[in-house]
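Read the numbers this way: they start at 1 and go in the same order the structure lists the ligands and their atoms. When reading the values below, keep in mind they use all heavy atoms of this one structure, side chains included, and skip hydrogens, waters and symmetry mates.
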Amino acid sequence: MPRMIADNIKSVTQRIAKCCEKTGRPAGSVQLVCVTKEASVSQMLEAARAGIKIFGENRVQDAARKHAAIGNRAEWHLIGHLQTNKARDAVGIFSLIHSVDSVRLADAIDKEAGRIGKRQDILVQVNISGEKSKFGIPPESAAGVLKEIVACPNISIRGLMTIAPEADDPEEVRPYFAGLRQILEKVNVELGTNYSMLSMGMSNDFEVAVEEGATLVRIGRAIFR
Ligand SMILES: *Cc1c(COP(=O)(O)O)cnc(C)c1O
C-alpha cells in the first residue's frame with residue numbers, strides 16, 4: 001500500500017518527461033506540484049521521500065497545520081483562492097502563490113511581504129474559460145493587471161496560472177492551455193517583461209498542458225488516489 005504513492009509519482013514523472021521529449025522541451029523544464037489538499041501528513045511525508053519537492057495546498061489554514069508538522073522539507077505553493085485577510089499567513093508559508101486574482105490582493109500580499117522583508121513570488125490567475133464558477137481575471141485584463149502589480153516593491157511576478165474546465169477528453173481543453181501561453185507571450189511583448197511560468201494542467205489533462213508549454217503542473221489524484 002505505501003509503495004503506491006511512490007509508484008504513482010514515478011509514473012507521473014515519466015509521463016511528464018515523455019511529453020517533454022515529444023515536444024522537444026528540455027527534461028526538467030516542468031516542475032511537478034504535488035497537490036496535497038486531500039493528503040494526510042503521513043502521505044505527504046511519503047511523497048517527499050519519493051522525491052516530491054513542492055506541495056500544493058488550496059487553503060491557507062490546512063497548509064499552516066501541515067506546515068507546522070512537516071516544515072520546509074519541500075517548498076509550499078498556494079494554488080487555491082486567497083482572501084486578503086489571510087495574506088499574512090500565506091506570505092509566511094508559501095514560496096509561490098499561484099492564485100493572485102486582483103490588484104487589491106496583490107497589495108495585501110505586498111504589504112505583508114514587506115513587513116517580514118520577503119520578496120514574494122506570485123502568478124496571476126486567469127479565468128481563461130470565462131466560467132462563472134472560476135476565480136481569475138479575464139484574459140483581456142491580464143496586461144493591465146500585471147502592469148499595476150509590477151508597482152508592488154515586495155512582489156515578483158513570475159507568470160500566469162489557469163484552471164481548465166472539466167472535460168472527458170483532454171484534447172477539448174488544449175485551446176485553453178494554448179490560450180494562456182499566448183496571453184503570457186502578449187503580455188511580455190506589451191510590458192517588455194520576461195515572465196516565464198505557466199501553471200496549468202491537473203491529473204486529467206497535464207500531458208496536453210505540458211505539450212502547450214506548462215512549466216508547473218498541479219497533480220493530486222494521480223498521486224494519492
Ligand atoms: C485540486 C486541485 C488540483 C489537483 O487536481 P487533481 O485532479 O487532483 O490532480 C490542481 N489545481 C487546483 C487549483 C486544485 O484545486
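Side-chain contact check for Asn72 versus His67: some heavy-atom pair is nearer than 4.5 Å.
For ligand 1, the atoms sitting less than 4.0 Å from at least one non-hydrogen atom of Ile219 are 9 (O), numbered in the order shown with element in parentheses. Remark: ligand 1 atoms within the under-4.0 Å shell around heavy atoms of Ile163 are 13 (C). Annotation for ligand 1: atoms under 4.0 Å from non-hydrogen atoms of Asn58 are 14 (C), 15 (O).
The nearest heavy-atom contact from the protein to atom 7 (O) of ligand 1 is Arg221 NH2, 2.7 Å. Scanning the protein heavy atoms around atom 10 (C) of ligand 1, the nearest turns out to be Met202 SD, 3.2 Å. Protein heavy atom closest to atom 1 (C) of ligand 1, with residue, atom name and distance, is Lys37 NZ, 1.3 Å. For atom 9 (O) of ligand 1, the closest non-hydrogen atom on the protein side is Ser203 OG, 2.5 Å. Distance from atom 11 (N) of ligand 1 to its nearest protein heavy atom, with residue and atom name: Arg218 NE, 2.9 Å.
Looking at Gln125, Arg218, His77 one by one, the single match for side chain to side chain donor-acceptor pair (under 3.5 Å) with His98 turns out to be His77.
Leu82 and Met197 are members of different hydrophobic clusters when ILVMFWY side chains are connected at heavy-atom separations under 4.5 Å.
Counting heavy atoms under 4.0 Å from ligand 1, residue Ile79 touches it through both backbone and side chain.
Ring centroid separation for the pair Trp76 and Phe55 comes in under the 6.0 Å cut-off.
Of the N or O atoms in Gly220, one or more lie within a sub-3.5 Å distance of an N or O in ligand 1.
The number of heavy atoms from other shown groups lying within 6.0 Å of CD (Glu171) is above 12.
Not a single heavy atom of Asn204 sits closer than 4.0 Å to an atom of ligand 1.
Under 3.5 Å, the side chains of His81 and Asn58 contain no donor-acceptor pair of N or O atoms.
Between Lys18 and Glu207 there is no salt bridge, since none of the side-chain N atoms of the basic residue sits less than 4.0 Å from a carboxylate O of the acidic one.
When all heavy atoms of Ile149 and Ile155 are compared, the pair lying nearest together is CG2-CG2, 4.0 Å.
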